[in-house]
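A quick note: this is a predicted structure, and the numbers were derived from the prediction, not measured. Protein chains get the first letters and strands the later ones, always in sequence-line order, with residue 1 at the start of each.
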Amino acid sequence: MAKDFSTREENYAQWYNDLVIKADLAENSSVRGCMVIKPYGFAIWEKMQAVLDKMFKDTGHSNAYFPLFIPKSFFSREASHVEGFAKEVAIVTHYRLKNDPNGSGVIVDEDAKLEEELIVRPTSETIIWDTYKNWIQSYRDLPVLINQWANVVRWEMRTRLFLRTTEFLWQEGHTAHSTRDEAFAETKTILDLYADFAENWMAMPVVKGIKTASERFAGALDTYAIEALMQDGKALQSGTSHFLGQNFAKAFDVKFLNKENQLEYVWATSWGVSTRLMGALIMAHSDDQGLVLPPKLAPIEVIIVPVFKSDEQLSAITEKVLPVKKELEEKGISVKFDNRETHKPGWKFAEYEFKGVPLRLTIGPRDLENGTVEIARRDTLEKKVIDISSIVTEIPFLLEEIQCSLFEKSLAFRKKHTYNVDTWEEFLDVIENKGGFAYAHWDGTSDTEEKIKEKTKATVRIIPFNNPKEEGRCILSGKPSSERVLFARAY
RNA sequence: CGGGGUAUAGCGCAGCCCGGUUAGCGCGCCUGCUUUGGGAGCAGGAGGUCGUAGGUUCGAAUCCUACUACCCCGACCA
């Protein structure tokens with residue numbers, strides 16, 4: 001399969017692409033910019049979904065579904081929202097095709113022009129707030145805590161599998177609250193939830209913080225985000241939570257009567273993570289041998305490969321393996337026994353290694369004689385032979401250890417590539433040569449941020465929470481600053 | 001939308017400059033035998049409107065023209 005696989009050193013971008021394709025996660029489709037998520041890739045996404053979905057429900061949210069299409073007029077109700085998305089929406093203008101009178105194929109039937117054009121949702125705030133208007137009259141109707149799992153379309157010029165595709169899958173939460181404080185708290189709750197998911201399930205450390213004005217969601221008062229550092233030294237925004245204030249309530253006239261019988265606008269939030277998380281997960285842990293998955297999100301946690309020459313040997317192995325498999329499954333561990341005779345053991349080793357399966361058990365005639373099994377870790381590529389009777393206690397322990405170790409390794413990588421810089425020269429050195437996170441003073445103006453971006457392609461990724469106050473001078477303008485912000489080149 | 005490139009078997013490529021009759025190679029695929037503890041070996045086999053349309057020519061994958069699609073680099077972005 002993947003003998004011709006790029007290394008990270010040779011060509012990081014190529015390495016990522018090869019990985020996605022050869023690990024059978026996704027492929028480019030016939031539709032420009034749109035991908036096909038293959039079963040193995042989708043299984044990972046389904047695991048992510050299941051965990052996040054439970055987290056949302058545990059924090060009081062319910063799922064619902066809103067339309068794919070949004071009337072064009074809705075879209076223009078909130079000024080900055082339109083401005084932010086106008087350049088990348090797909091528009092439906094007609095509803096019928098007809099046979100081409102001049103020849104082959106079908107053409108758009110010009111008689112079937114829509115009275116009002118529809119846009120394909122790039123995000124659902126507008127259609128949702130138009131709907132909430134009818135749902136909310138009283139403080140008793142609040143809060144509204146809804147999430148939807150959906151596909152959205154943003155007409156990107158350049159796309160990369162998972163990281164940026166024209167159509168992508170995500171969840172978008174849209175909540176309505178009676179007070180500013182409550183909406184604000186919701187925004188924070190979700191950001192913490194995302195960080196929890198990233199760190200404890202994806203084993204990917206993230207920095208939480210607030211976005212600058214230029215990186216803010218179109219229509220939000222504040223955007224909070226989690227940022228992760230990828231192995232090539234670039235930052236990846238992995239989840240966002242927006243405090244929308246009363247912007248959408250005002251645009252869609254969503255008011256409620258409070259306890260004092262006064263009419264007030266509703267306070268709002270929205271938040272989302274997308275299939276981009278797949279890209280983050282892939283880049284966070286994988287190596288030059290292929291994908292490395294954290295056990296908690298791996299579709300297969302343990303692969304069992306039998307080594308046999310005869311049917312008798314296979315049956316003998318199967319007899320040993322099945323009870324162990326069952327016991328592990330009873331502990332909630334996903335186990336696959338690959339007893340196919342169409343592929344050789346060596347082929348299977350390479351295959352599952354490339355697909356990032358955390359643990360592999362190999363059992364052959366030698367093991368049958370000795371009552372042992374070979375156990376191999378994907379993350380460290382270590383192999384050892386253990387007594388078959390100790391598998392059921394050993395495996396949960398190892399999976400946990402792998403999960404922790406992946407996080408620790410990523411954290412150590414981030415620490416190694418995080419720098420405090422005080423001068424423009426140091427800043428350039430980090431951004432252009434070393435790669436990674438640069439904590440630097442910034443004068444707080446969009447103007448300076450823009451200039452830094454023009455010169456270096458680096459942006460303020462985030463102003464971290466609980467940021468220590470520290471007097472300093474902006475690396476570019478030299479103006480006074482009271483805290484360091486996180487700069488990096490980003491995906 | 002600017003700048004560059006590519007289009008030949010499922011995938012990756014050669015052939016094109018210098019036109020010539022049956023268009024090759026590697027991987028993969030199929031069949032058989034031998035193999036199986038790190039991507040097996042041998043033998044046989046299947047698979048192609050050479051991106052599309054037109055032109056030049058006795059003859060076009062090869063030369064010319066137009067078109068289309070895709071890829072890379074820039075401006076936009078979860």
Flag the pair [X] and [Y] as a salt bridge only when some basic side-chain nitrogen lies within less than 4.0 angstrom of an acidic carboxylate oxygen.
X         : Y         : result
Lys457(A) : Glu432(A) : no
Lys208(A) : Asp192(A) : yes
Asp447(A) : Lys451(A) : yes
Glu374(A) : Lys384(A) : no

Practice problem: Using the closest heavy atom to pick a nucleotide of RNA chain B for each, name whichever of Pro345(A) or Ala490(A) lands nearer the 5' end. | Solution: Pro345(A)

Quiz item: Starting at the 5' end of RNA chain B and moving along, which residue's nearest nucleotide shows up first, Leu381(A) or Tyr491(A)?
Solution: Leu381(A)

Quiz item: What base-paired stems does RNA chain B take part in, with at least 3 consecutive Watson-Crick or G-U wobble pairs and both distances under 3.5 Å?
Solution: B:1-7 with B:68-74, B:10-13 with B:24-27, B:29-34 with B:40-45, B:51-55 with B:63-67

Would you measure the distance from the [atom1] atom in [N] across to the matching atom in [M] and give it in whole Å?
N      : M      : atom1 : answer
U56(B) : G12(B) : C1'   : 34 Å
G47(B) : G54(B) : P     : 28 Å
G45(B) : U49(B) : C1'   : 24 Å
C71(B) : C29(B) : C1'   : 27 Å
U52(B) : A9(B)  : P     : 11 Å
C58(B) : G74(B) : P     : 49 Å
U21(B) : G59(B) : P     : 15 Å
C33(B) : A14(B) : C1'   : 33 Å

Roughly, in whole Å, what's the span from [atom1] in [X] to [atom2] in [N]?
X         : N      : atom1 : atom2 : result
Arg378(A) : G38(B) : CZ    : P     : 17 Å
Asn339(A) : U36(B) : CG    : C1'   : 15 Å
Arg340(A) : G39(B) : CZ    : P     : 17 Å
Lys87(A)  : A78(B) : NZ    : P     : 11 Å
Trp149(A) : A78(B) : CH2   : P     : 19 Å
Glu27(A)  : C71(B) : CD    : P     : 14 Å
Asp367(A) : G37(B) : CG    : P     : 13 Å
Lys22(A)  : G28(B) : NZ    : C1'   : 13 Å

Practice problem: List the steps, then state whether side chain to side chain donor-acceptor pair (under 3.5 Å) holds for Glu353(A) with Gln289(A). | Solution: CA-CA 7 Å; Glu353(A) 196 166 289; Gln289(A) 277 68 245; over 6 Å; no

Self-check item: With sequence neighbours excluded, residues passing salt bridge (charged side-chain N to carboxylate O under 4.0 Å, His left out) with Glu401(A)
Solution: Arg377(A)

Quiz item: Does Lys344(A) make a side-chain N or O approach to OP1 or OP2 of A40(B) shorter than 4.0 Å?
Solution: yes

Quiz item: Below 4.0 angstrom from OP1 or OP2 of C70(B), is there any side-chain N or O of Arg32(A)?
Solution: yes

Which nucleotide wins on minimum distance to the side chain of [X], given the candidates [options]?
X         : options                : answer
Met157(A) : C76(B), G38(B), G37(B) : C76(B)
Glu351(A) : G39(B), U35(B), G38(B) : G39(B)
Gln237(A) : A78(B), G38(B), G74(B) : A78(B)

Quiz prompt | Results of ring pair (Phe, Tyr, Trp, His ring centres under 6.0 Å) for Tyr132(A) - residues two or more places apart only | solution = Trp129(A), Trp135(A)

Quiz item: Is there any salt bridge (charged side-chain N to carboxylate O under 4.0 Å, His left out) pair reaching into residues 230-243 of chain A, and which pairs are they, with sequence neighbours excluded?
Solution: none

Self-check item: Contacts of type side chain to side chain donor-acceptor pair (under 3.5 Å), residue Ser214(A), not counting sequence neighbours
Solution: Thr212(A), Glu449(A)

Self-check item: Centroid-centroid distance, Phe487(A) to Phe427(A), less than 6.0 Å
Solution: yes

Quiz prompt | Nucleic acid contacts - residues 285-314 of chain A versus RNA chain B, non-hydrogen atoms under 4.0 Å | solution = Val307(A), Phe308(A), Lys309(A)

Self-check item: Stacking of Phe168(A) on A78(B) base (centres under 5.5 Å, planes under 30°)
Solution: yes

Would you indicate what [X] reaches in the nucleic acid, counting non-hydrogen atoms under 4.0 angstrom: base, sugar-phosphate, or nothing?
X         : answer
Arg360(A) : base
Leu163(A) : base
Glu341(A) : nothing
Thr240(A) : nothing
Glu156(A) : base
Thr165(A) : base

Practice problem: Give me the one residue out of Lys355(A), Lys348(A), Lys325(A), Arg360(A) that meets salt bridge (Lys or Arg N to Asp or Glu O under 4.0 Å) with Asp338(A). | Solution: Lys348(A)

Exercise. State whether Phe354(A) and Lys22(A) meet the cation-pi test: NZ (Lys) or CZ (Arg) under 6.0 Å from the six-membered ring centroid, and within 45° of the perpendicular axis.
Key: no

Practice problem: Could you tell me whether the side chain of Lys383(A) has a donor or acceptor atom within less than 3.5 Å of a complementary atom in the base of G38(B)? | Solution: yes

